[in-house]
Student: 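A single structure is presented below for examination.
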Amino acid sequence: MYLEIQREILARFVGAIQEVFGLKIDAPVPDFPPSVEMGDLSIAACFELAKQLRQSPRKIAEQLVARLLPLPGVERVSVAGGGYINFYLDRAQVASGLFRPRTSPPKHGIAAKGKVLVEHTSINPNKAAHIGHLRNAVLGDTFVRLLRFRGNPVEIQNYIDNTGVQVADVVVGFVHLEKKGLEDIRKLIQDPFIRFDYYCWDLYARVFQYYAEAEDALALRAEALKAIEEGHGEMAAIADLVSTAIVRKHLETMERINVRYDLLVEESEILRLEFWEYAFEVLKQSGAIRYEESGKNAGCWVMGLAEAGNGETTDEESGSEDVKIIVRSNGTVTYVGKDIAYHLWKFALLGRDFGYQRFHRYADGQPVWRTAPDAAAEAPAFGRGAVAYSVIDTRQSYLQSIVATAFRALGFQEEAANLHHFAYEVVGLSPRCAEEMGLALTAADRQRSYIEVSGRKGLGVKADDLINRLVEKATQEVQARQMTEDPAEQAASARMIAVGALRYFLLKFSRRMIIAFDFKEALAFEGETGPYLQYSVVRARNIFRKFQESHPDFNPQRLGELVSANQLKMFLGGKDGEAFWELILLAAQLEMVADQAIAAAEPAVVAKYAFRLAQAFNNFYHRYRILSEADPARQNFLLYLVHLVNESLTRTLDLLGIEVPERM
RNA sequence: GGGCGUGUAGCUCAGUAGGAUAGAGCAUCGGAUUUCUAAUCCGAGGGUCGGGGGUUCGAGUCCCUCCACGCCUGCCA
């Protein structure tokens with residue numbers, strides 16, 4: 001509704017320019033006046049046109065104004081300042097339009113292209129997840145929710161690097177440090193008193209200590225890696241057992257924070273199905289990669305990066321060009337090579353497909369599929385995306401750009417343009433937090449804004465430890481308030497509050513900001529936090545609950561019928577009209593905000609919006625008493641307002657993956 | 001050396017492809033409703049938007065330059 005009005009206004013403006021001045025312009029970007037007294041939407045384009053039209057901006061604006069009305073949803077138009085055109089919306093119409101269920105948006109933008117593939121989480125399956133992984137998953141999951149909200153078909157993929165060095169390292173640990181075989185490890189996994197992912201976390205750190213101390217230890221790693229890649233023998237079996245068990249733990253952890261997947265894509269299947277060999281052929285034939293006969297990269301297949309669009313990368317003095325090795329001189333392929341093959345598959349450019357098998361079922365029955373040799377006939381059509389987003393931390397920007405370079409070298413210009421690296425910054429530890437975790441810091445370290453986590457040192461905050469601490473704290477808060485005696489409701493509320501706090505904490509920073517993790521901030525439930533947002537919704541619902549006690553027939557969904565257009569007009573134009581209207585206007589902007597968040601691939605935009613809306617509502621909540629309102633018409637109007645905000649805010653929180661408890 | 005990113009209040013961060021008076025949370029201080037439960041609200045102090053040039057009617061936002069910090073620049077991922 002609101003977006004449609006906005007589009008109409010901009011289109012009419014473009015039309016008016018054409019009529020009056022015979023000039024064709026692109027639709028201007030709408031601005032928002034500093035306060036609602038000055039209008040609800042503003043166009044500043046007259047300033048730019050002034051020079052071209054040799055007239056003052058104000059004069060241009062004045063000539064246009066008369067031709068802008070009538071417009072649906074717009075009450076009046078004025079010229080302000082040096083030449084702003086300000087539009088005042090028909091408040092009653094917007095308010096009643098908001099009440100209608102929000103329909104799917106028209107097919108435009110990326111929705112028109114086809115299926116969107118979002119790859120996120122993609123944790124190495126060799127140890128427990130940590131906070132950095134949570135940031136990845138929450139960003140990716142929220143982005144998926146946004147895309148779906150705006151009508152895009154989305155498929156969520158989680159890439160499982162089950163044949164990489166990190167898994168090999170843990171295998172080395174089991175085999176050489178612990179002298180464990182397949183059966184021993186299987187018992188370990190089944191042991192209810194051991195958290196297998198935590199066990200591997202510690203083992204992984206021990207392996208690196210061993211690498212540092214033992215002379216030929218790295219040869220063991222190479223040996224393990226080779227065995228795993230070839231898929232034969234006990235080491236490969238151990239790798240499969242370990243990585244599968246860890247993946248199950250990761251799914252459990254992510255399910256706790258409302259993150260789910262459609263498909264797990266396993267690297268072992270990419271190897272087994274020889275996707276790489278096929279991609280290799282295509283890359284060779286197209287000349288995208290070449291064999292180096294001499295020089296420092298002799299014996300390797302490399303890709304030149306001059307065409308990457310990063311400017312001239314040739315080093316003139318040595319005459320050597322900037323290249324990336326794709327196939328090593330020993331014939332093995334690098335990670336980027338496998339990633340190129342994987343991404344070709346995403347766009348159905350590989351000419352072959354995986355088999356699929358159900359891997360997991362969530363409590364409500366929704367399945368998670370994985371790539372598998374023994375294909376199930378009823379598997380959905382995975383892949384074949386039109387657009388792909390890969391949620392991967394910013395340190396891999398260089399490697400991701402190489403995948404796009406390969407696409408272009410192969411002539412897949414359009415697909416390269418639709419391949420997006422959703423880059424985000426890492427989560428470090430605040431120096432104070434690092435010390436809490438038992439790390440010895442130097443004076444210089446303490447001056448740093450953050451300390452890098454290190455899986456190799458075992459330094460980091462495990463995801464489940466953090467979630468547990470949050471649940472613990474939330475439980476205390478819930479019990480202290482004595483909202484309910486029911487332990488089941490207490491537990492449910494505590495979980496929602498903990499997840500709300502965590503997800504909001506990870507979403508409120510824009511993705512290019514390094515988060516210096518600190519328990520004090522992450523465990524905060526007041527101020528700009530998830531629980532604040534949840535509490536706002538609970539307040540709105542409390543009003544309804546209380547009102548219902550004296551009005552048993554009350555149904556908030558039917559409030560729209562109880563408030564007439566005239567009454568809307570009266571209250572929105574009356575004494576407190578501005579305050580009421582600001583709240584409605586904000587609630588009406590959800591779709592606009594979601595579109596902005598998608599365009600910028602920035603979920604933080606929605607998080608900030610949720611906070612602004614909650615803040616506006618809490619302010620309103622304090623200023624106006626609703627249950628004690630004497631005038632029934634005004635009371636209905638106020639209830640209607642609460643309903644509008646409740647709807648918008650609840651929906652916004654759902655986009656953030658945040659649920660709302662019954663009571664707080 | 002090159003590429004990318006960051007730099008805004010004491011701290012942590014927003015600032016909508018340039019627009020009207022730079023905002024929020026935390027922290028500090030001072031207030032509010034014996035209620036629709038205070039996980040709340042209101043107010044106060046606190047800013048050379050890293051420095052310097054430039055473009056523009058208009059720059060926190062765009063361009064140039066310099067500074068600081070971080071990441072990447074592996075036959076690791």
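Per chain, numbering begins at 1; letters A, B, ... match sequence-line order.
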Student: Could you walk me through whether S78(A) and N86(A) satisfy the side chain to side chain donor-acceptor pair (under 3.5 Å) test, starting with their C-alpha distance in whole Å, then the side-chain angles of each, then the deciding distance to 0.1 Å, before giving a yes or no?
Tutor: CA-CA 5 Å; S78(A) 73; N86(A) 290 345; 4.6 Å; no
Student: Given that R623(A) and F525(A) both sit by RNA chain B, which one's nearest nucleotide is further toward the 5' end?
Tutor: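 Upstream on the strand: R623(A).
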Student: Indicate, with a heavy-atom threshold strictly under 4.0 Å, whether R545(A) touches base, sugar-phosphate, or nothing.
Tutor: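 No contact.
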Student: Run the ring pair (Phe, Tyr, Trp, His ring centres under 6.0 Å) check on F580(A) and F637(A) step by step: do they pass?
Tutor: CA-CA 10 Å; F580(A) 298 152; F637(A) 169 78; 5.2 Å; yes
Student: From the options rA20(B), rC72(B), rA77(B), select the nucleotide whose nearest atom is closest to the side chain of R395(A).
Tutor: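 Of rA20(B), rC72(B), rA77(B), rC72(B) is nearest to the side chain of R395(A).
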Student: Given rC72(B), rA14(B), rA20(B), identify the nucleotide with an atom nearest to the side chain of Y84(A).
Tutor: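 Per side-chain heavy atoms of Y84(A), the pick is rA20(B).
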Student: Does S449(A) reach a base, just sugar-phosphate, or nothing at all? Heavy atoms under 4.0 Å.
Tutor: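 Nothing, no nucleic acid heavy atom in range.
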Student: Under 4.0 Å between any heavy atoms, over every strand shown, what does F32(A) touch: base, sugar-phosphate, or nothing? Just pick one.
Tutor: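 Answer is base: heavy atoms of F32(A) come under 4.0 Å of a base.
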Student: Step by step, would you call E267(A) with Y342(A) a side chain to side chain donor-acceptor pair (under 3.5 Å)?
Tutor: CA-CA 9 Å; E267(A) 189 169 273; Y342(A) 173 31; over 6 Å; no
Student: Select one nucleotide: of rG19(B), rU12(B), rU40(B), the one nearest the side-chain heavy atoms of E521(A).
Tutor: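 Selected nucleotide: rU12(B).
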Student: Give the intermediate values and the outcome of side chain to side chain donor-acceptor pair (under 3.5 Å) for residues Y84(A) and D31(A).
Tutor: CA-CA 10 Å; Y84(A) 294 99; D31(A) 285 308; over 6 Å; no
Student: Distance criterion of 3.5 Å, no angle test: do you see the side chain of R612(A) paired donor-to-acceptor with the base of rA24(B)?
Tutor: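 Under the 3.5 Å cut-off, the side chain and the base do not form any donor-acceptor pair.
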Student: Is it true that E452(A) and R395(A) make a salt bridge, defined as a side-chain N closer than 4.0 Å to a carboxylate O?
Tutor: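 Salt bridge present between E452(A) and R395(A).
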Student: Give the nucleotide from the list rA39(B), rA77(B), rU12(B) with an atom nearest to the side chain of Y535(A).
Tutor: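 Nucleotide nearest to Y535(A)'s side chain: rA39(B).
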Student: Could you tell me how far apart K324(A) (NZ) and rG2(B) (P) are, to the nearest whole angstrom?
Tutor: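 So the two atoms are 21 Å apart, to the nearest Å.
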Student: Mind checking F47(A) for me? I need base, sugar-phosphate or nothing, with any heavy atom below 4.0 Å counting as a touch.
Tutor: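 The residue F47(A) makes base contact.
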Student: Does the side chain to side chain donor-acceptor pair (under 3.5 Å) test come out yes or no for T650(A) and R541(A), once each step is laid out?
Tutor: CA-CA 11 Å; T650(A) 303; R541(A) 294 182 186 170; 3.1 Å; yes
Student: Between rG5(B), rA77(B), rA39(B), spot the one nearest the side chain of N124(A), thanks.
Tutor: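 Among rG5(B), rA77(B), rA39(B), the one nearest the side chain of N124(A) is rA77(B).
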Student: Under 4.0 Å from OP1 or OP2 of rC41(B): is there any side-chain N or O of Q615(A) that close?
Tutor: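 False: Q615(A) side-chain N/O out of range (4.0 Å or more) of rC41(B) OP1/OP2.
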Student: Under 4.0 Å between a side-chain N or O of R625(A) and OP1 or OP2 of rU35(B)?
Tutor: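 Checking rU35(B) against R625(A), no side-chain N or O comes under 4.0 Å of OP1 or OP2.
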Student: Could you check which of rC71(B), rA20(B), rA39(B) has an atom nearest any side-chain atom of M38(A)?
Tutor: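 Nearest to the side-chain atoms of M38(A), counting from C-beta on, is rA20(B).
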Student: Check whether any side-chain nitrogen or oxygen of N619(A) sits under 4.0 Å from OP1 or OP2 of rU40(B), and answer yes or no.
Tutor: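 It does not, given that no N or O in the side chain of N619(A) lies less than 4.0 Å from OP1 or OP2 of rU40(B).
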Student: Can you measure F611(A) atom CZ to rA14(B) atom P for me and round it to whole angstrom units?
Tutor: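 Roughly 14 Å, once rounded to whole Å.
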Student: If I take atom CD in residue E452(A) and atom P in nucleotide rC71(B), what distance separates them, rounded to the nearest angstrom?
Tutor: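 One finds 6 Å between P of rC71(B) and CD of E452(A), rounded.
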Student: Rounded to the nearest angstrom, tell me the gap between atom CZ in R456(A) and atom P in rC76(B).
Tutor: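 Atom CZ in R456(A) sits about 12 Å away from atom P in rC76(B).
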Student: Can you measure H421(A) atom NE2 to rC72(B) atom C1' for me and round it to whole angstrom units?
Tutor: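 Answer to the nearest Å: 12 Å.
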Student: Which nucleotide, rU56(B), rA20(B), rA39(B), lies nearest any side-chain atom of K51(A)?
Tutor: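 Shortest atom-to-atom distance from the side chain points to rU56(B).
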Student: Nearest nucleotide by nearest heavy atom, which residue falls closer to the 5' end of RNA chain B, Y532(A) or K338(A)?
Tutor: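 Its nearest nucleotide lies further toward 5', so the answer is Y532(A).
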Student: Closest approach to the side chain of Q596(A), judged atom by atom: which nucleotide of rG70(B), rU16(B), rG19(B) is it?
Tutor: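 Per side-chain heavy atoms of Q596(A), the pick is rU16(B).
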Student: Tell me what I514(A) touches on the nucleic acid: a base, only sugar-phosphate, or nothing, going by heavy atoms under 4.0 Å.
Tutor: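 Answer is sugar-phosphate: I514(A) comes under 4.0 Å of backbone atoms only.
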Student: So D161(A), base contact, sugar-phosphate only, or nothing? Heavy-atom distance under 4.0 Å.
Tutor: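 D161(A): backbone/sugar contact only, no base atoms under 4.0 Å.
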Student: If you go through the side-chain atoms of S35(A), does one of them form a donor-acceptor pair with the base of rA20(B) closer than 3.5 Å?
Tutor: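 Answer is no: no donor-acceptor pair is held.
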Student: Is there a donor N/O on one and an acceptor N/O on the other, under 3.5 Å, for the side chain of S397(A) and the base of rC72(B)?
Tutor: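 Between rC72(B) and S397(A), which were checked side chain against base, a qualifying N/O pair under 3.5 Å is absent.
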Student: From CD1 of I85(A) over to C1' of rG19(B), roughly how many Å is that when rounded to an integer?
Tutor: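 Rounded to the whole Å, the gap is 14 Å.
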Student: Within this structure, what is the NZ-to-P distance between K508(A) and rG23(B), rounded to whole angstrom?
Tutor: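 Nearest whole value for this atom pair: 20 Å.
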Student: Determine whether the side chains of S268(A) and E266(A) contain a donor N or O and an acceptor N or O closer than 3.5 Å.
Tutor: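 There is no such pair between these side chains.
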Student: Would you please enumerate the stems RNA chain B participates in, each stem being three or more consecutive Watson-Crick or G-U wobble pairs with both distances under 3.5 Å?
Tutor: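 Stems for RNA chain B, defined as runs of 3 or more consecutive pairs: B:1-7 with B:67-73, B:10-13 with B:23-26, B:28-32 with B:40-44, B:50-54 with B:62-66.
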Student: Any side-chain N or O of R328(A) below 4.0 angstrom from OP1/OP2 of rA77(B)?
Tutor: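 Looking at the OP1 and OP2 atoms of rA77(B), one of them is under 4.0 Å from a side-chain N or O of R328(A).
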Student: Starting at atom OH of Y424(A), determine the distance to atom C1' of rU6(B), rounded to an integer number of angstrom.
Tutor: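 The answer, rounded to whole Å, is 18 Å.
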Student: Rounded to the nearest 0.5 Å, how far apart are CZ of F617(A) and CG of L649(A)?
Tutor: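 Here the interatomic distance stands at 8.5 Å.
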Student: Evaluate the criterion ring pair (Phe, Tyr, Trp, His ring centres under 6.0 Å) for residue pair F208(A) and Y211(A); output intermediate values, then yes/no.
Tutor: CA-CA 5 Å; F208(A) 268 90; Y211(A) 286 161; 5.4 Å; yes
Student: Is it the case that the side chain of H643(A) and the backbone of L638(A) share a donor-acceptor pair, with hydrogens and angles ignored and the cut-off at 3.5 Å?
Tutor: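 Answer holds: no.
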Student: With sugar-phosphate meaning primed atoms plus P, OP1 and OP2, does V165(A) contact a base, only sugar-phosphate, or nothing at under 4.0 Å between heavy atoms?
Tutor: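 Sugar-phosphate only.
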Student: Rounding to an integer number of angstrom, what distance separates rC62(B) and rA17(B) when you compare their P atoms?
Tutor: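 One P to the other, the span is 11 Å.
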Student: Which listed nucleotide (rG25(B), rG19(B), rU73(B)) is nearest to the side chain of E528(A)?
Tutor: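 Nearest listed nucleotide: rG25(B).
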Student: The side chain of M513(A) is closest to which nucleotide in this list: rC75(B), rC13(B), rA39(B)?
Tutor: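 Minimum distance to the M513(A) side chain belongs to rC13(B).
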Student: Do N86(A) side-chain and rA20(B) base share a donor-acceptor contact under 3.5 Å?
Tutor: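 Such a pair exists between side chain and base.
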